[in-house]
Every structure is written in C-alpha cells, then in structure tokens.
There are 2 protein chains.
Amino acid sequence: MTSEKSVPSRLETLCVEKGLKMTDQRRIIARVLSEAQDHPDVELLHKRAAEIDPGISLATVYRTVRLFEEASILERHDFGDGRARYEEARDDHHDHLIDIQSGRVIEFTNNEIEQLQHRVAAELGYKLVGHRLELYAVPIDKNGSGESEIPKGKPRIVGGGA
Amino acid sequence: MTSEKSVPSRLETLCVEKGLKMTDQRRIIARVLSEAQDHPDVELLHKRAAEIDPGISLATVYRTVRLFEEASILERHDFGDGRARYEEARDDHHDHLIDIQSGRVIEFTNNEIEQLQHRVAAELGYKLVGHRLELYAVPIDKNGSGESEIPKGKPRIVGGGA
DNA sequence: CTAACTGCAAACGGTTTGCTATTAT
DNA sequence: ATAATAGCAAACCGTTTGCAGTTAG
C-alpha cells in the first residue's frame with residue numbers, strides 16, 4: 001500500500017532526505033510528530049497514530065521513534081515521570097520549564113546560561129557536548145491553572161534543591 | 001539483634017533524629033551511603049551492603065533509599081542511564097557534570113546560573129521550586145582517561161544540543 | 001505487645017526483541 | 001529479488017508490592 005493522501009510532513013521529508021525506507025506507518029508517525037505542539041510520550045503517539053491507522057502497533061512506534069532519534073530528527077526527553085517524551089528536532093535549541101501543577105511544558109532559551117555552562121565545563125577541564133536543564137516551577141499567578149499535559153502515572157516530584 | 005560495632009554514620013544519626021526505626025540493615029545501608037564518595041545505584045549499594053551483611057535483600061535497599069529520600073536525607077539522581085543514582089543530601093547544593101567517556105560525575109556550583117534560573121522562571125510567570133542541570137562533557141586533555149563509575153548497561157548518549 | 005520491618009517471589013510498567021509474514025526499493 | 005519492516009507476544013530490566021515471619025521500641 002502506498003500514498004493515502006496529502007502533503008508530506010516536515011519529518012517525512014527529512015526521512016526521505018536521509019534515505020529512510022518510508023512505510024505507511026512511518027509516514028503516519030512522522031506526521032503525528034510533526035503536527036504535535038506538545039511533548040507526547042510513546043503511548044500518546046501511538047494513540048494519535050492509531051486514530052489514523054488503527055493497525056499500527058506500539059512496537060512500531062517504539063522502533064520508529066528510536067530510528068528517528070538516531071537520525072537526529074527527533075529529540076527524546078525525560079522529564080522525570082518515567083516515560084520518554086518526544087519533540088521534533090528543530091534547529092533552535094531550547095530548554096524546558098515544567099509546570100509541576102499542570103504538567104505543562106514551556107520552552108525557553110537563555111544565552112547567558114548557555115555560555116556559563118560552557119565556561120563551567122571548561123574550568124573543570126572539559127568540553128561540553130550536551131546538557132540537560134529543566135526548571136520545575138509553579139505559577140506565580142494564584143489560580144487553579146489548566147488541563148494537564150501529563151497523561152497519567154505517579155510523578156514522584158523531581159528536583160527540590162533549587 | 002542490636003549493635004555490631006562502631007560509631008554511627010552521619011546518616012544514621014539523622015535517621016535517629018527523624019525518629020526512624022533503626023534496624024541492622026538500615027544502619028548498614030546508612031553507613032554505606034554516608035561513606036560513598038561516588039553516586040552509586042541501588043545494585044551497587046546492595047553489593048556494598050551485602051559485603052557487610054550478606055543477608056540484606058535488594059528489596060530492602062529499594063525500600064530504604066525510598067524512605068531516606070522521603071525523609072530528605074538522601075538525593076536521587078537520574079543521569080540518563082536508566083537507573084537511579086544516590087547521594088547523601090548535604091546542605092551544599094550542587095549540579096553535576098558527567099564525563100561521558102569515563103562515566104565519572106563531577107559536582108559543581110555556579111551562582112550566576114542559579115540566579116539566572118530564578119530570573120528565567122520569573123519572566124515566564126513562575127516560581128522556581130526545583131531544577132535539574134547536568135552537563136555532559138568530554139575531557140579536554142587527550143588521554144585514555146580512567147576507570148568507569150558507571151556500572152554496566154547501555155547508556156544511549158543523552159543530550160546533544162549544547 | 002504490636003506496628004513496622006525484612007526476605008522472598010511474584011507483579012509491574014515502560015521498552016526491547018525473536019519470529020514470521022509483508023513490503024519498499 | 002531481497003534486505004528491511006510490521007505485528008505479535010514473549011522477554012527484559014529496574015523497581016514495587018503482597019505475604020508471612022521477625023523485630024524495634
């Protein structure tokens with residue numbers, strides 16, 4: 001089976017450029033990822049993909065996501081809730097602030113921090129090759145906030161020494 | 001069975017202050033943790049505890065680290081290799097630089113970064129309650145480095161967008 | 001005395017993998 | 001044609017938990 005319809009997603013195009021074999025399921029998963037505005041976990045990706053093609057298996061989602069990650073077109077995150085969360089790799093680097101009340105994830109960049117990280121590494125005799133910076137925070141504005149982005153499960157609060 | 005020998009470890013003292021029931025196995029685990037200079041995972045803690053009392057079960061180690069963590073006298077870290085790593089909670093806050101070649105973990109503090117984190121959160125309308133900052137780096141000095149602190153397993157490199 | 005603890009083994013939840021049929025190229 | 005893939009179910013691995021016997025306070 002080929003085609004189905006419509007314009008290729010950004011991720012699909014990248015896949016083709018990288019010479020990856022494009023199956024229907026990969027195309028669907030690529031589309032779901034490209035269209036995601038949040039940071040879905042595998043279960044959620046599978047659910048969304050299954051809405052398009054109910055036959056897609058969880059194993060395929062896992063394999064595809066790993067493939068995409070290895071192709072550097074997808075970023076995997078671990079926000080401390082046990083499952084891996086994914087985000088299409090774009091050229092703009094950013095870190096994340098996690099609202100521990102709603103689970104919402106906000107992206108941000110701060111160049112001063114970036115540079116300080118390089119400096120710190122250098123002072124210790126190292127060359128920085130990667131980093132992870134997550135801010136866990138609560139809204140200042142005191143209202144009952146909104147819907148949760150985190151699917152389910154027991155978070156067991158992360159961080160604590162701010 | 002009580003006693004065995006010697007001076008209480010710092011963690012044991014803290015446990016007693018917190019009113020925790022002190023069993024032999026807890027005392028041993030507390031001692032192992034207090035004497036650790038590295039960031040051991042549960043398996044390693046169990047191995048070290050078992051050298052003192054071969055009867056200690058893995059389940060007990062898991063239950064004890066969870067108990068200690070909840071009592072805020074132990075810090076749990078996740079350096080991206082799947083297992084949890086532990087470190088006695090001291091009053092000095094610090095972040096970690098992970099040498100991805102040797103697995104060694106170096107602690108550091110940088111007040112500028114700390115303050116910038118608060119500022120970033122504030123600008124987004126949030127109050128910072130915790131954070132996670134890990135630098136993944138390689139030694140500048142080009143030599144075959146040293147022994148690994150990471151037990152085993154497949155790390156699957158973390159980070160990448162520095 | 002008794003609530004809390006330990007060891008054991010079974011259960012768990014996210015993720016990986018062996019196998020066989022299917023498919024992109 | 002043929003090497004790579006998808007689906008399924010079983011395996012994995014770190015971690016948790018139910019149960020029955022033991023122990024600290």
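This structure is a prediction, so every number in the text was calculated from the model and none was measured. No hydrogens, no waters, no symmetry mates; every other heavy atom, side chains included, goes into these values. In what follows, chains are A, B, ... by sequence order, proteins preceding strands, each numbered from 1.
- Summarising the geometry, the separation between CG on Leu20(B) and C1' on dG25(D) is reported as 13 Å, rounded to the nearest angstrom.
- If you measure from atom CZ of Arg83(A) to atom P of dT16(C), you get 15 Å, rounded to the nearest angstrom.
- Under 3.5 Å, the side chains of His96(B) and Glu134(B) contain no donor-acceptor pair of N or O atoms.
- Distance check: Glu35(B) CD to Glu88(B) CD gives 10.0 Å after rounding to the nearest 0.5 Å.
- In this structure, CZ of Phe79(A) is placed 17 Å from P of dG14(C), rounded to the nearest angstrom.
- When the P atom of dT6(C) is taken as reference, atom CZ of Arg66(B) falls 15 Å away, rounded to whole Å.
- In summary, Arg132(B) and Asp78(B) engage in a salt bridge, as defined by a charged side-chain N under 4.0 Å from a carboxylate O.
- When rounded to the nearest whole Å, the span between CG of Leu58(B) and P of dT17(D) equals 15 Å.
- For dC5(C), the OP1/OP2 oxygens have no side-chain nitrogen or oxygen of Thr23(B) closer than 4.0 Å.
- Between the OH atom of Tyr62(A) and the C1' atom of dC8(D) there is a distance of 15 Å, given to the nearest Å.
- With rounding to whole Å, Gln25(B) atom CD is found 14 Å from dT22(D) atom P.
- Of all nucleotides listed (dA9(D), dG7(C), dG18(C)), dG18(C) comes nearest to the side chain of Arg63(A).
- At a threshold of 4.0 angstrom between heavy atoms, the contacts of Arg26(B) are confined to the sugar-phosphate backbone, with no base atom among them.
- Lys18(B) has its NZ atom 20 Å from the C1' atom of dG25(D), to the nearest Å.
- No N or O donor and acceptor, one from the side chain of Arg76(A) and one from the base of dG14(C), sit under 3.5 Å apart.
- Of the inter-residue distances, the one linking Phe68(B) atom CZ with Leu33(B) atom CG reads 7.0 Å to the nearest 0.5 angstrom.
- Each of Lys21(B) and Ile56(B) was assigned the nucleotide of DNA chain C with the nearest heavy atom; the assignment lying further toward the 5' end belongs to Lys21(B).
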